[in-house]
Amino acid sequence: MLTKEPYREDYKNILELVQLMLVLPISAAQYERGFSAQNRIKSSKRSRLAVSTTEDLMRITLDGPSLGDYDPSPAVDRWINSAKRAQRPDYKKICCVPVRSLWCSLTRLGVLVKKKPNQ
């Protein structure tokens, strides 16, 4: 083996290259998923998204929970209670609909697309 004492100094550069090669991914599937997510997120209609916004959306898309596991109620409640906005006359009617059932209905109608499980 090349890591024995007499060879360590003689083949130091080669051993470093071997260590680097052992860290490289075998497949490029994760990168391909990233490029596909970027193409879905940053379309011609959304071409002016900031880099940080694109990064955040990609992170959510790639690493976030699936739609079936995600409960949007806390995020929606926080958004509703966080800022002062112009309120519509039917504001209370909209807020009385349970968020989870609305989320499930939008998913069933195909408005929201479920994330495919990683293979």
Side-chain angles (χ1 to χ4, degrees):
M1 182 175 254
L2 291 178
T3 58
K4 292 187 178 178
E5 193 60 44
Y7 302 111
R8 247 187 235 159
E9 290 301 318
D10 294 340
Y11 300 105
K12 183 177 180 179
N13 293 337
I14 293 174
L15 288 174
E16 285 183 29
L17 284 174
V18 168
Q19 287 178 345
L20 286 172
M21 288 178 63
L22 291 173
V23 175
L24 293 174
I26 296 171
S27 170
Q30 185 66 25
Y31 302 113
E32 292 294 330
R33 278 192 284 274
F35 282 116
S36 296
Q38 181 181 359
N39 290 337
R40 282 191 312 271
I41 291 167
K42 198 159 187 173
S43 63
S44 60
K45 293 180 180 179
R46 298 173 70 181
S47 62
R48 296 186 63 150
L49 284 176
V51 173
S52 62
T53 306
T54 306
E55 287 175 356
D56 293 343
L57 291 172
M58 284 181 63
R59 182 163 291 121
I60 291 168
T61 301
L62 295 172
D63 300 329
S66 66
L67 289 178
D69 297 337
Y70 180 68
D71 180 19
S73 300
V76 172
D77 291 340
R78 183 175 177 188
W79 178 77
I80 288 172
N81 297 324
S82 67
K84 305 238 186 266
R85 291 182 240 352
Q87 295 191 4
R88 300 176 304 269
D90 57 348
Y91 178 74
K92 294 296 180 189
K93 293 178 191 172
I94 292 172
C95 290
C96 294
V97 174
V99 175
R100 183 74 175 175
S101 64
L102 180 63
W103 186 264
C104 293
S105 298
L106 291 174
T107 304
R108 265 187 261 118
L109 292 172
V111 175
L112 301 173
V113 179
K114 287 190 177 182
K115 181 178 159 186
K116 293 180 182 175
N118 292 337
Q119 301 182 16

Over all atoms of both residues, closest heavy-atom pair of Ser27 and Ala29: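 Where Ser27 meets Ala29 most closely, the heavy atoms are OG-N, 3.1 Å.
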
Closest contact, heavy atoms only, Thr61 versus Arg40: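 That would be CG2-NH2, 3.6 Å.
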
Point-to-point distance, once rounded to the nearest 0.5 Å, from CG of Leu62 to CD of Gln30: 6.5 Å

Spacing of Asp63 atom CG and Met58 atom CE [to the nearest 0.5 Å]: 10.0 Å

CD1 (Ile26) with more than 12 external heavy atoms under 6.0 Å: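 Open.
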
Ile41-Phe35 co-clustered via ILVMFWY side chain contacts under 4.5 Å: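 No, it is not one cluster - the side chains of Ile41 and Phe35 are not joined through contacts under 4.5 Å.
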
ILVMFWY network linking Tyr11 to Met21, side-chain heavy atoms under 4.5 angstrom: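 Tyr11 and Met21: separate clusters.
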
Contact check, side chains of Thr53 and Arg46, non-hydrogen atoms, under 4.5 Å: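 In short, these two side chains do not touch, never coming nearer than 4.5 Å.
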
